[in-house]
Amino acid sequence: RVRYVRETTSQYRVLSSPHRCHLKGRARVLLLSRYIGDRADRTNRMDVGGGSSGGGEEEEVDRAAGAGSSQPQRMKIGWPTDVRHVAHVTFDRFHGFRGVPAELQPEPALAKAPSASKTAFGVSTESMQCAHDARGNSVPTILLLLQRRLYEQGGLKTEGIFRVAADGAQEQRVRDQLDLAASVPEDADVHCLAGLIKAWFRELPGGLLDALPEEEVARCATEEAAARLIGKLPAAKAALLDWAVQLMADVASEEARNRMGTRNVAMVFAPNMTEEVDPLTALKYAVQVMNFLNLLIERALRQRQQDQKKKQPK
């Protein structure tokens with residue numbers, strides 16, 4: 001049993017130690033501090049190995065200096081085999097981590113992540129949770145949530161919807177809430193919801209319509225030609241475009257109240273559908289995209305009228 005007792009402010013005396021030395025002052029303190037470290041290392045190794053041969057007694061060190069000692073505390077390290085299986089945790093991009101023990105569960109608000117991604121904007125649809133709309137299109141749930149709230153709050157009948165800019169601070173707050181918990185605050189106004197829908201398309205990697213040849217978009221002059229051009233889009237983006245066109249058609253159908261006809265709606269959406277880097281090129285191409293979207297909106301409205309006529313009793 002080794003005991004270190006503080007004798008003076010600059011000396012230590014070692015009791016029952018074969019390493020007793022007769023140095024004084026700072027040299028003695030330094031030598032003894034090394035000795036203390038060596039003994040502690042041997043003690044830890046003996047603890048890991050299951051104890052010493054002398055009946056398993058632990059060597060103890062009594063420091064009268066208390067907080068004045070600069071020696072770090074030693075941590076016991078167990079055997080690699082001393083482990084136990086607590087829980088089996090899996091992860092998927094729709095529900096996040098599953099099987100996490102209750103004591104490690106995150107807060108309820110944080111547990112509602114919309115996808116494997118940490119943000120709802122600026123990510124591809126492959127990394128987001130999607131759902132089907134009424135037409136069977138696979139659409140990110142974040143867009144469906146914004147659309148539902150927009151309709152519930154009378155956004156379709158609001159003058160200048162999708163044209164009037166939202167309050168920047170409110171839009172950023174709602175965006176942060178969507179990233180954090182995939183929910184929309186109750187006080188979010190319709191212009192904020194509309195602005196976030198446009199922002200989602202504007203920040204979509206690769207742009208929604210960038211896969212289409214620009215010269216073919218520019219040559220589109222009929223609704224049939226525009227419909228055929230959609231077939232050249234990847235399936236995921238074609239579904240997104242159909243959802244967006246139906247949304248724009250819903251807005252244009254309320255033109256008498258919101259003053260947003262097909263061309264006005266196409267005009268405000270067109271700059272958000274491509275990812276052009278050069279501003280001048282983007283401006284020129286936006287005009288062509290606007291005409292392309294206008295044809296698709298008018299086609300959607302005409303199809304709705306035809307469907308309504310078919311449903312009317314003869």
- Query: Do the non-hydrogen side-chain atoms of V123 and L204 ever get within less than 4.5 Å of each other?
  - Reply: no
- Message: Checking N291 against R263 for the side-chain hydrogen bond (donor to acceptor under 3.5 Å, both in side chains) test, could you report, in this order, the C-alpha distance in whole Å, the side-chain angles of both residues, the deciding distance, and whether it holds?
- Response: CA-CA 8 Å; N291 295 329; R263 194 165 186 83; 3.3 Å; yes
- Query: Closest heavy-atom contact between A244 and M273?
  - Reply: CB-CE, 4.2 Å
- So side-chain hydrogen bond (donor to acceptor under 3.5 Å, both in side chains) across residues 203-214, not counting sequence neighbours, yields R175-E203
- Message: Show the nearest heavy-atom pair for residues Q170 and C192, with the distance to one decimal.
- Response: OE1-CB, 3.7 Å
- Atom pair CG/CG of N264 and N258 - distance to nearest 0.5 Å: 9.0 Å
- Query: How long is the span from the CD1 atom in I197 to the CZ atom in F201, to the nearest 0.5 Å?
  - Reply: 8.0 Å
- Task: Report whether M290 and Y285 are members of the same hydrophobic cluster (ILVMFWY, side-chain heavy atoms less than 4.5 Å apart, transitive linking).
- Result: no
- Flag the pair L208 / T274 as yes when at least one side-chain heavy-atom distance between them is below 4.5 Å, and no otherwise. no
- Message: I'd like to check E223 versus L296 (side-chain heavy atoms, cut-off strictly below 4.5 Å). Are they in contact?
- Response: no
- Query: Are R257 and E254 close enough that some pair of their side-chain heavy atoms sits under 4.5 Å apart?
  - Reply: yes
- Query: Hey, are Q153 and R149 close enough side-chain-wise for a donor-acceptor pair under 3.5 Å?
  - Reply: yes
- Query: Are V251 and L295 connected in a single hydrophobic cluster, I mean Ile/Leu/Val/Met/Phe/Trp/Tyr linked by side-chain heavy atoms less than 4.5 Å apart?
  - Reply: no
- Does the side chain of D307 come under 3.5 Å of the side chain of Q303 through a donor N or O and an acceptor N or O? no
- Say you draw a straight line from CG of L193 to CZ of R148; how long is it, rounded to the nearest 0.5 Å? 11.0 Å
- Note on the structure: With sequence neighbours left out, the residues meeting salt bridge (Lys or Arg N to Asp or Glu O under 4.0 Å) with R173 are D187
- Message: Please find the pair of heavy atoms, one from V265 and one from A252, that lie closest to each other, and give the distance.
- Response: CG2-N, 4.4 Å
- Note on the structure: CG (D133) and CG (L143) are apart, to the nearest 0.5 Å, by 10.5 Å
- Do the side chains of I161 and H191 get nearer than 4.5 Å, heavy atoms only? yes
- Message: Counting C-beta onward and ignoring hydrogens, is there a side-chain heavy-atom pair between L178 and L145 closer than 4.5 Å?
- Response: yes
- Message: For residues 240-251, which residue pairs pass the side-chain hydrogen bond (donor to acceptor under 3.5 Å, both in side chains) check, not counting sequence neighbours?
- Response: R135-D242, N137-D242, Q147-W243, Y151-D250, Q246-R304, D250-R304
- Are L247 and V268 connected in the hydrophobic side-chain network, where two residues link if heavy atoms are under 4.5 Å apart? yes
- Task: Please name the pair of heavy atoms, one in F121 and one in D179, separated by the smallest distance, quoted to 0.1 Å.
- Result: CD1-OD1, 4.0 Å
- So, are E159 and R259 salt-bridged, with charged N and O less than 4.0 Å apart? yes
- Taking the side chain as C-beta and beyond, is there a heavy-atom pair between L301 and S253 under 4.5 Å? yes
- Message: Looking at every non-hydrogen atom in both residues, tell me the closest pair between A199 and E171 and how far apart they are.
- Response: CB-OE2, 4.5 Å
- Item | Qualifying residues under side-chain hydrogen bond (donor to acceptor under 3.5 Å, both in side chains), relative to K232, sequence neighbours excluded | E216
- Message: Tell me if a side-chain donor or acceptor on K237 pairs with a main-chain N or O of G207 at a distance below 3.5 Å.
- Response: yes
- Do V139 and L293 sit in the same hydrophobic cluster, where Ile, Leu, Val, Met, Phe, Trp and Tyr count as joined when their side-chain heavy atoms come under 4.5 Å apart? yes
- Item | With sequence neighbours excluded, residues passing ring pair (Phe, Tyr, Trp, His ring centres under 6.0 Å) with F292 | none
- Message: Working to the nearest 0.5 angstrom, can you tell me the gap between L144 CG and C130 SG?
- Response: 8.5 Å
- Task: Run the salt-bridge test on R202 and E275 with the 4.0 Å N-O cut-off and return the result as yes or no.
- Result: no
- Message: Applying the side-chain contact (heavy atoms from CB on, under 4.5 Å) criterion to L209, which one of V217, L233, L229 satisfies it?
- Response: L233
- Item | Inter-residue atom distance K198.NZ - F162.CZ, 0.5 Å rounding | 7.5 Å
- With sequence neighbours left out, the residues meeting side-chain hydrogen bond (donor to acceptor under 3.5 Å, both in side chains) with T158 are none
- L241 and M267: same hydrophobic cluster, using ILVMFWY side-chain contacts below 4.5 Å? no
- Note on the structure: Heavy atoms of A249 and A300 approach each other most closely as CB-CB, 4.1 Å
